[in-house]
Amino acid sequence: MQKLTLKAGIGMMVALGTAGSLALANDMRSETRLDIAPGGTINVLNSAGSVSLHSGSGHQVLVVATSHSIKIEIDQDTTPDKKRVEILTHAKPEQKPTTEEARVDFEIAVPAGISVIVNTATAPITVDGLSGEMISLSADTGQISVHNVSKAHVHIRSVAAPVTLSAISGGHVEITTAGGAVQLTNVSGPLVNVGTAGGNITFQGDLSGGGAYTLTTHSGAIDVTLPETASFDLSARSVSGAVQNDFPLQQKAHTSFVAKPGSSFTGTSLSGSCSVELQSFSGRIRVKKQ
Amino acid sequence: MNCHKFQEVLPYIIETGGDAEEEGHLQTCPHCAELVQDLKYIATQAKLLLPMHDPSPRVWTGIAQALHHQGTIPEGRTSLRGQIMSFPSQAKSWTPMGWALVAVFLMVFSLLLINYRPHLPESQSSAQNMSAQPVALESDDQQLMARVSQRAPDVRQAYEDSLREVNTYITDAQQAVDQDPEDAVAREQLLDAYQQKEMLYEMATARTLP
């Protein structure tokens, strides 16, 4: 019995090893350097797999691509004026790759000051440490994560992809998602605007530097966690959800709606240097102290 | 009298106040009372647009004939024409802007009457009792779904779920605006809901992902 078990175990290991080798054999890794002019834009279009962008140096975009099938082709090109780099994946003619075969994983090093536009379907998008004027990300279902970005306009659109932002400052942040949850940690700027139909919104930060924050959801919940020292002018309303607030607020003289206990509140904390609007239809809203 | 019958003779009621039976229904049905109030409000606002000018009888005659032709005014209900025709003619001249404003108002008013679907009391709902069930996909949405039919199954499902969610959002926000047109937050939410739908359409159609 013991011998039989041993043989079965060895057989499984051999089978797994063979399958792994075959999978690795199909993986194709390429490394490309593309010239880009200061202030230029990188445009990435990739359906499945992943797209990861991080800060690079010099005046070249370094693209490391890993594809998993010969049915997929990767086009990478620079315009003659070097203002724009195009990176896109597509099926080869007469080929119909499966979802798994269509996957391409990109690791892209982006020089300072370069804007990026990324569109994916299921591929998650990760952005870390970029400093271009604009970061525009769009995904159907692939998770979108942006970290350590300052003075860039961050525009995000998703169908159902969850969105996570952290350490973002100094630029406009606009997020529109139909079903994705949105999580913001230490996100500040002159304008932060989040709209979602069904997703929850979580905000944790200090609202430093003033600005206008608008978080709107239809059926999702809104959770806002702020330090006791945060200075803000707050209005919150949920049509049929509950609202909770831990901060002592000074009542405002004028409001855009009549506050009703339990479903809405308005008021000012400290000097009210930031404007915060929280709106939900059926989701609950909670503003709590850190 | 029920809501349906009441709303069939709404133009007559707006003009004359209705007969005793209609007046009685108006007293007991808050929904129809609200509708009449809204229509009277529109009519009042339209008058403010033209404080100095009344159209010639020819215009009112044309409207009455058009409403009769469409069947909006039942046979035998002539008060609209009667009321209208009894307006004294004015010697004041009409400016092109005046004509344009009247035309716009009449178009809006006619569309409101023609497209209005009676809401019977049992189906009445409010923003406080929002749609618990997702709203069905509209025909345009079906076309959108056909467009994303080649995408991965989970992506297709995400689009369908999102469209339903956004449609529900639009319905709820529209109800809130209807209940209180002065509610700035509700108007913002309606705009936000439509922007989300616009985004879904753009993402489904504008991109050429393989």
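A:Thr177 touches chain B through its backbone: at least one of N, CA, C or O sits under 4.5 Å from a heavy atom, while the side chain does not. Contacts of A:Ser238 with chain B are absent, with no heavy-atom separation under 4.5 Å from either backbone or side chain. For B:Ala193, no part lies under 4.5 angstrom from a heavy atom of chain A. The parts of A:Thr176 that come within reach of chain B are both its backbone and its side chain, each placing non-hydrogen atoms under 4.5 angstrom from that chain. In this structure, chain B has a heavy atom under 4.5 Å from the backbone of A:Ser158, while its side chain stays farther away. Contact annotation for B:Asp192: only side-chain heavy atoms (C-beta onward) come within less than 4.5 Å of a heavy atom of chain A.
For A:Glu101, the side-chain hydrogen bond (donor to acceptor under 3.5 Å, both in side chains) test picks out A:Lys71, A:Thr98, with sequence neighbours left out.
The number of heavy-atom neighbours closer than 6.0 Å to CZ of A:Arg286, taken from other residues, nucleotides and ligands shown, is above 12. Sparse packing is recorded around CD1 of A:Ile70, with 12 or fewer heavy atoms of other residues, nucleotides or ligands lying under 6.0 Å away.
A:Ser219 and B:Glu165 share a donor-acceptor pair across their side chains, judged by distance under 3.5 Å alone.
The two residues B:Ala176 and A:Phe281 have their closest heavy-atom pair at CB-CZ, 4.0 Å. When all heavy atoms of B:Met199 and A:Ala178 are compared, the closest pair comes out as CE-N, 3.9 Å. Nearest heavy atoms, A:Asp140 versus B:Tyr159: OD1-OH, 2.9 Å.
With rounding to the nearest 0.5 angstrom, the CD atom of B:Glu188 is 5.0 Å from the CD atom of A:Gln279. Expressed to the nearest 0.5 Å, how far CD of B:Glu198 lies from CZ of A:Arg157 amounts to 8.0 Å.
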In sequence, state the C-alpha distance, the side-chain angles, and the governing distance for A:Thr216 and B:Tyr169, and then conclude on side chain to side chain contact (heavy atoms under 4.5 Å, CB included). CA-CA 11 Å; A:Thr216 305; B:Tyr169 189 7; 3.2 Å; yes

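Applying the salt bridge (Lys or Arg N to Asp or Glu O under 4.0 Å) rule to pairs touching residues 213-224 of chain A yields A:Asp223-A:Arg284, sequence neighbours excluded.
Inter-residue side-chain proximity for B:Asp172 and A:Val239 is flagged as unmet; no heavy-atom pair is nearer than 4.5 Å. The shortest side-chain heavy-atom distance between A:His218 and B:Gln196 does not fall under the 4.5 Å cut-off.
Contacts with chain B were tallied for A:Gly179, A:Gly195, A:Ala160; A:Gly195 has the most, counting heavy-atom pairs under 4.5 Å.
Ion pairing between a basic and an acidic side chain is recognised when a charged N comes within 4.0 Å of a carboxylate O; B:Asp183 and A:Arg237 show such pairing.
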